[in-house]
Amino acid sequence: QVQLVESGGGVVQAGGSLKLSCTSSRSFGSLSHMAWYRQAPGKSRVEVAVIFRDGKTDYAGSVKGRFTISRANAKSTIYLQMNSLRPEDTGIYYCHAQKIFPEVSDYWGQGTQVTVSS
């Protein structure tokens, strides 16, 4: 199975920046995509950024223009650069990966806490 490990979470003041990392035990070339999800206190887990094998990216409207997802294939790692952070960005950020062959499989990391103070 695929193992995902996140790092880089912490506490930052509003307007600040933070960069998250996620390292996969499987090369990105064998996955359909990798993504970052966020679960805010008392809310459902939602996708905030996704990167596909061809490099195409997509973002949730709430983070577009502030967050950037990228990857480093050599180390099977993806990043989430978060700028202009707001208190509503607070939550647990999870790394997600999906494999579609031979069957669809989803994998999740343990999550890393991000707290943005006002």
Side-chain angles (χ1 to χ4, degrees):
Q1 62 178 351
V2 177
Q3 296 180 359
L4 305 173
V5 180
E6 305 100 330
S7 63
V11 180
V12 63
Q13 290 190 332
S17 298
L18 207 59
K19 187 175 183 178
L20 307 182
S21 299
C22 172
T23 298
S24 171
S25 63
R26 180 183 286 265
S27 65
F28 193 86
S30 67
L31 303 169
S32 65
H33 66 266
M34 293 183 71
W36 287 99
Y37 280 69
R38 177 175 68 207
Q39 186 163 14
K43 298 183 179 180
S44 300
R45 187 180 301 184
V46 299
E47 186 179 273
V48 297
V50 59
I51 184 165
F52 297 91
R53 194 160 58 188
D54 64 0
K56 185 178 180 180
T57 60
D58 197 16
Y59 301 89
S62 62
V63 308
K64 191 171 297 183
R66 299 188 297 120
F67 290 11
T68 302
I69 186 171
S70 61
R71 74 170 191 262
N73 286 334
K75 295 184 178 181
S76 301
T77 301
I78 63 167
Y79 305 94
L80 185 67
Q81 177 65 52
M82 304 183 292
N83 298 324
S84 302
L85 284 163
R86 306 165 181 170
E88 52 264 42
D89 293 321
T90 292
I92 302 174
Y93 284 71
Y94 296 90
C95 184
H96 171 256
Q98 185 176 81
K99 177 176 68 69
I100 60 175
F101 298 116
E103 70 284 322
V104 175
S105 299
D106 291 284
Y107 307 93
W108 296 92
Q110 290 295 111
T112 185
Q113 176 70 45
V114 172
T115 301
V116 184
S117 61
S118 60

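For the numbers below, each heavy atom of this structure counts, side chains included, while hydrogens, waters and symmetry mates do not. Predicted model, so just to flag it, every value in this text is computed and none were measured.
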Transitive ILVMFWY cluster of Tyr37, excluding itself - 4.5 Å side-chain cut-off: Ile92, Tyr94, Trp108

Transitive ILVMFWY cluster of Phe52, excluding itself - 4.5 Å side-chain cut-off: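 Traced through the cluster, Phe52 reaches Val50.
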
Test of understanding: with side-chain hydrogen bond (donor to acceptor under 3.5 Å, both in side chains), list the residues that count as partners of [X], not counting sequence neighbours.
| X | answer |
| --- | --- |
| Ser7 | none |
| Arg86 | none |
| Gln113 | Thr115 |
| Asp58 | none |

Any pair counted as salt bridge (charged side-chain N to carboxylate O under 4.0 Å, His left out), so long as it reaches residues 21-31, sequence neighbours left out: none

Selection residues 96-109 - residue pairs positive for salt bridge (charged side-chain N to carboxylate O under 4.0 Å, His left out), sequence neighbours left out: Lys99-Glu103

Checking [X] now: which residues fulfil side-chain contact (heavy atoms from CB on, under 4.5 Å) with it, not counting sequence neighbours?
| X | answer |
| --- | --- |
| Ser70 | Tyr79 |
| Ser62 | Arg38, Ala60 |
| Thr57 | Ile51, Tyr59, Ile69 |
| Ala40 | Lys43 |

Report the distance from atom [atom1] of [X] to atom [atom2] of [Y], rounding to the nearest 0.5 Å.
| X | Y | atom1 | atom2 | value |
| --- | --- | --- | --- | --- |
| Phe28 | Ser32 | CZ | OG | 8.0 Å |
| Lys19 | Asn83 | NZ | CG | 10.5 Å |
| Arg71 | Cys22 | CZ | SG | 13.5 Å |

Check: Met82 and Leu20 side chains under 4.5 Å, non-hydrogen atoms: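 Yes, close enough: below the 4.5 Å cut-off.
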
